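First the structure, in the form of structure tokens, and then the observations on it.
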Amino acid sequence: MAMAYLAWRLARRSCPSSLQVTSFPVVQLHMNRTAMRASQKDFENSMNQVKLLKKDPGNEVKLKLYALYKQATEGPCNMPKPGVFDLINKAKWDAWNALGSLPKEAARQNYVDLVSSLSPSLESSSQVEPGTDRKSTGFETLVVTSEDGITKIMFNRPKKKNAINTEMYHEIMRALKAASKDDSIITVLTGNGDYYSSGNDLTNFTDIPPGGVEEKAKNNAVLLREFVGCFIDFPKPLIAVVNGPAVGISVTLLGLFDAVYASDRATEMLIFGKKLTAGEACAQGLVTEVFPDSTFQKEVWTRLKAFAKLPPNALRISKEVIRKREREKLHAVNAEECNVLQGRWLSDECTNAVVNFLSRKSKL
Ligand SMILES: CCCCCC/C=C/C(=O)SCCNC(=O)CCNC(=O)[C@H](O)C(C)(C)COP(=O)(O)OP(=O)(O)OC[C@H]1O[C@@H](n2cnc3c(N)ncnc32)[C@H](O)[C@@H]1OP(=O)(O)O
């Protein structure tokens, strides 16, 4: 991306961001949550999570879950005790009966707590699991899920370090448009696997149409302009969970997010051909906050779930007020930059860089 554009984006980080606008209610929300009981929705989400557990939690835990579920939905056990040879039903009955007169609400809370104690394995690793609620199908290069007021758009080409090919550009735009209209409060972009994204898929430059390289460069410029435009116009809080190294366009786009959380493993954010650590990117305002990789997913998702409970209209309006002043300028810079890039893609420098990369393993 052009120097001016990047400089502008960096400068923008020192302006009030929608994250700052929302920071006060977040504190309030943490205080409220400790006093809160699990809602019916939390309970239902936990039931869905149980179905998706990858590892069998073992009979003891399953019995506890069963008992708490029955207690939460039907109250104290008043069924006749099964016979001694009906081993399974007797074990279930015993577990339920052992809960005595525990109130339904407390059982619901215990159920949610128990499920969440089983869930860290889903969230603590660098490999991000898809959400457990609604999973959009129809994407080849993404996993899109919606849960807890958060639509998560996950780049899903881990074997290619989540390089963005033409199909993925189109799918990201489609997912963003859908997220802007769905009932989620915030939208998160992240990557599956060890990379956030290695940027533009360099094979995008090899599929030459009948009109030759000029037509290819023009098509790419049109696509890029529309793609970046979707980020400029995105109406809800947009958050990047940078789970690993990020390269090229996946870095420069970060300036259009409302918050950027990076794992301290994101050590290779390449800009100006220079590797930048996540900490350095944070010092320059491109990243909002850096977390240790060991706790990255857990800490970030806890925070995001709290954001997603903030008043949705206030969030949208805050973003609109901030973005309104700069939208026109952003679109103008985007258009100019795409024009410049269209020319650069026809240069020997660009051709050589692509050929060098693709010929490393004799792909050309
Ligand atoms: C519509 C067009 C718009 C253009 C917009 C302008 C955007 C510009 C940019 O984004 S410029 C940045 C482009 N990206 C790069 O230059 C990075 C290239 N990749 C690498 O340097 C390395 O792959 C790496 C440092 C990301 C990772 O290195 P390593 O750990 O050694 O892994 P591999 O190189 O073996 O990669 C594994 C696998 O992934 C393929 N791959 C990785 N990145 C890309 C990519 N950007 N494009 C295409 N393919 C990529 C790599 O070839 C390997 O594939 P293989 O296993 O050999 O099939």
Side-chain angles (χ1 to χ4, degrees), residues 52-55 119-133 135-147 150-176 179 187-204 227 231 238-254 257 259-271 275-279 281 286-287 289-304 357-358 360-361 363:
L52 291 163
L53 281 176
K54 288 208 168 142
K55 279 191 204 147
S119 301
S121 58
L122 292 176
E123 286 190 347
S124 62
S125 76
S126 291
Q127 287 279 341
V128 184
E129 290 291 328
T132 55
D133 200 4
K135 180 170 168 178
S136 299
T137 48
F139 293 103
E140 289 297 319
T141 65
L142 307 174
V143 176
V144 181
T145 49
S146 216
E147 184 191 6
I150 304 172
T151 289
K152 179 168 80 180
I153 300 172
M154 183 165 69
F155 308 139
N156 194 30
R157 300 184 72 217
K159 288 187 182 151
K160 298 287 180 184
K161 310 291 183 195
N162 296 323
I164 309 176
N165 61 11
T166 305
E167 185 179 24
M168 193 157 156
Y169 281 108
H170 285 287
E171 290 195 347
I172 293 170
M173 289 193 281
R174 183 150 61 84
L176 284 175
T187 302
V188 173
L189 260 70
T190 191
N192 187 15
D194 59 345
Y195 262 65
Y196 174 69
S197 167
S198 62
N200 183 50
D201 188 315
L202 294 172
T203 63
N204 282 344
F227 179 72
F231 285 82
L238 186 61
I239 301 188
V241 173
V242 183
N243 54 298
V247 185
I249 187 164
S250 76
V251 176
T252 51
L253 268 181
L254 295 178
F257 285 70
V260 177
Y261 296 125
S263 150
D264 61 9
R265 215 175 49 77
T267 51
E268 296 177 66
M269 311 184 79
L270 292 173
I271 47 174
K275 289 181 187 177
L276 211 68
T277 65
L286 193 61
V287 163
E289 199 171 332
V290 182
F291 296 83
D293 190 53
S294 54
T295 55
F296 177 60
Q297 296 290 343
K298 200 168 167 45
E299 286 193 57
V300 165
W301 286 101
T302 303
R303 184 175 302 193
L304 294 177
F357 177 73
L358 296 177
R360 286 182 323 163
K361 296 181 190 167
K363 290 202 172 148

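Start at 1 with the first residue, then count along the sequence. Just so you know, these numbers come straight off a predicted model, no measurement behind them.
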Atom pair CG (Asn200) and OG (Ser250), whose distance is rounded to the nearest 0.5 Å: 10.5 Å
Nearest-0.5 Å distance, CG of residue Asn165 to CD of residue Glu171: 8.0 Å
If we ignore hydrogens and angles and just use 3.5 Å, is the side chain of Asn243 paired with the main-chain N or O of Gly193 as donor and acceptor? yes
Side-chain heavy atoms of Ile239 within contact of Leu304, under 4.5 Å: yes
Between Pro292 and Glu299, is any pair of side-chain heavy atoms under 4.5 Å apart? yes
Just so I know, are the side chains of Thr277 and Val290 near enough to count as touching, which here means a heavy-atom distance under 4.5 Å? no
Work out which heavy atom in Val260 is nearest to a heavy atom in Val287; give both atom names and the distance. O-CG1, 3.6 Å
Minimum heavy-atom distance between Ser263 and Phe296, given as atom pair plus value: N-CE1, 3.3 Å
Nearest heavy atoms of Leu254 and Ala240, plus distance in Å: CD2-CB, 3.7 Å
Would you give the length of the straight line joining atom CZ of Phe139 to atom CZ of Arg174, rounded to the nearest 0.5 angstrom? 4.0 Å
Under a 4.5 Å cut-off applied to non-hydrogen side-chain atoms, are Asp201 and Met168 in contact? no
To the nearest 0.5 Å, how far apart are CD in Gln297 and OG1 in Thr302? 10.5 Å
Point-to-point distance, once rounded to the nearest 0.5 Å, from CD1 of Ile153 to OG of Ser146: 9.5 Å
Applying ring pair (Phe, Tyr, Trp, His ring centres under 6.0 Å) to Phe231 and not counting sequence neighbours gives Phe227, Phe257
Closest non-hydrogen atoms of Thr151 and Ala179, given as atom of the first, atom of the second and distance, are CG2-CB, 3.9 Å
After noting the C-alpha distance and the side-chain angles of Tyr196 and Val251, does the key distance pass the side chain to side chain contact (heavy atoms under 4.5 Å, CB included) rule? CA-CA 9 Å; Tyr196 174 69; Val251 176; over 6 Å; no
Rounded to the nearest 0.5 Å, what separation is found between the CG atom of Leu253 and the CG atom of Leu189? 8.5 Å
Find out whether Met154 and Thr145 are in side-chain contact, i.e. whether some heavy atom of one side chain is under 4.5 Å from a heavy atom of the other. no
Least distance between heavy atoms, Ser197 atom then Ile164 atom: OG-CG1, 3.8 Å
Taking the six-membered ring of Tyr261 (Phe, Tyr or Trp), confirm whether the NZ or CZ of Arg303 is under 6.0 Å from its centre and within 45° of its axis. yes
Donor-acceptor under 3.5 Å (Asn192 side chain, Pro158 main chain): no
Go through the side-chain N and O atoms of Thr141 and Glu167 and say whether any donor and acceptor fall under 3.5 Å apart. no
Evaluate the side-chain proximity of Leu176 to Leu238: yes if any heavy-atom separation is below 4.5 Å, no if none is. yes
With distance as the sole test, does Asn162 use its side chain to make a donor-acceptor pair with the main-chain N or O of Tyr195 at under 3.5 Å? yes
Are any side-chain N or O atoms of Asp293 and backbone N or O atoms of Asp264, one a donor and one an acceptor, separated by less than 3.5 Å? no
Mind checking whether Glu140 and Asn156 have side chains closer than 4.5 Å, heavy atoms only? no
